[in-house]
Amino acid sequence: MKISSGFRSVAVAAIAAAGVSFASVAHADSGTIRFAVYKAAFFVGGSGGEGTLTFHGRKYPISIGGISGGLAFGASKTYFQGSVRNIRRARDVSGVYGAAGGGGAIGKGAQMIVMTNDKGAQLELTGRQVGLQVNADISGMSITVK
């Protein structure tokens, strides 16, 4: 059976690309992250906070900023903690993360969220929320490793 050289070239390129993708994931690492975010909203909201990224036994300070729009009102403080995956160095965590969602808390509440930035860093977070917050919005969060 003859295999055309064009098909063979495409097959070799696909195998090589898969190998490069696998090598990238194989060399990626993970760390832990925790931060507190203050949020206030009346249709348009803003948030800010700070925390710590722990990567390879070293702690890096981080700052958080964000904006949201949609149906949102109230004020809250949320303490997030979790893991960050698919990073090679601490600065891979820096970037913009987006999410669409909804929820609410009166007094205390819980949150869970998974977000990815443009570098492929993935945050898997759980949080404890305190305050009055009701939202059904689209939000963006920027994390900067200092």
Side-chain angles (χ1 to χ4, degrees), residues 6-7 9-146:
F7 178 76
S9 298
V10 170
V12 168
I15 291 169
V20 168
S21 294
F22 180 73
S24 306
V25 172
H27 293 296
D29 211 341
S30 63
T32 60
I33 192 166
R34 56 181 34 208
F35 56 92
V37 175
Y38 295 91
K39 183 175 183 180
F42 186 72
F43 293 102
V44 175
S47 60
E50 55 187 29
T52 305
L53 165 69
T54 304
F55 183 63
H56 288 183
R58 187 168 172 212
K59 294 182 184 281
Y60 298 86
I62 59 172
S63 63
I64 313 294
I67 190 164
S68 62
L71 174 61
F73 68 88
S76 65
K77 181 178 183 180
T78 306
Y79 300 93
F80 284 105
Q81 65 180 14
S83 62
V84 58
R85 303 188 191 293
N86 302 327
I87 59 173
R88 289 188 182 81
R89 53 196 166 272
R91 69 175 177 252
D92 289 346
V93 174
S94 292
V96 176
Y97 297 80
I106 298 175
K108 293 184 179 182
Q111 291 190 358
M112 191 228 139
I113 192 164
V114 176
M115 300 185 295
T116 305
N117 73 6
D118 61 333
K119 297 174 192 145
Q122 183 181 56
L123 301 178
E124 296 175 8
L125 304 169
T126 58
R128 249 174 32 300
Q129 185 174 357
V130 181
L132 169 63
Q133 182 77 38
V134 177
N135 66 303
D137 59 4
I138 296 174
S139 58
M141 178 174 66
S142 173
I143 296 179
T144 304
V145 176
K146 298 178 185 178

*Contacts of N117 that satisfy side-chain contact (heavy atoms from CB on, under 4.5 Å) - sequence neighbours left out*: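 Result, side-chain contact (heavy atoms from CB on, under 4.5 Å) vs N117: Y97, K119, A121.
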_Applying side-chain contact (heavy atoms from CB on, under 4.5 Å), can you list everything that pairs with R89, at least two apart in sequence or on another chain?_
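Testing R89 for side-chain contact (heavy atoms from CB on, under 4.5 Å), a comparison that skips the adjacent residues, returns R91, D92.
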*Starting from the C-alpha separation in whole Å, work towards a yes-or-no answer on side-chain contact (heavy atoms from CB on, under 4.5 Å) for K59 and L53.*
CA-CA 6 Å; K59 294 182 184 281; L53 165 69; over 6 Å; no
*Heavy atoms from other residues, nucleotides or ligands near OH of Y60 exceed 12 (cutoff 6.0 Å)*: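 Yes, OH of Y60 has more than 12 neighbouring heavy atoms, counting only those of other groups under 6.0 Å.
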Measuring from [X]:[atom1] to [Y]:[atom2], what's the distance to the nearest 0.5 Å?
X    : Y   : atom1 : atom2 : result
T126 : Q81 : OG1   : CD    : 5.0 Å
S30  : R85 : OG    : CZ    : 5.5 Å
I64  : S47 : CD1   : OG    : 8.5 Å

So do [Y] and [X] actually touch side chain to side chain, heavy atoms under 4.5 Å?
X    : Y    : result
D29  : H56  : yes
M115 : Q122 : no
T54  : I33  : no

*Side chain of S94, backbone of V145: donor and acceptor closer than 3.5 Å?*
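Yes; at least one donor-acceptor contact below 3.5 Å.
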*Audit row: M141, L123, side-chain contact (heavy atoms from CB on, under 4.5 Å) steps and yes/no*: CA-CA 12 Å; M141 178 174 66; L123 301 178; 4.2 Å; yes
*So, for T32 and V84, which heavy atoms are closest and what is the spacing to 0.1 Å?*
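Closest heavy-atom pair between T32 and V84: N-CG1, 4.4 Å.
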*So which heavy atom on I62 is nearest to which on R34, and how close?*
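For I62 versus R34, the nearest heavy atoms are CD1-O, 4.5 Å.
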*How about E50 and S63: does a side-chain donor come under 3.5 Å of a side-chain acceptor?*
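E50 vs S63: no donor-acceptor pair found between side chains.
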_Residues forming a ring pair (Phe, Tyr, Trp, His ring centres under 6.0 Å) with F80, sequence neighbours excluded_ =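 F35.
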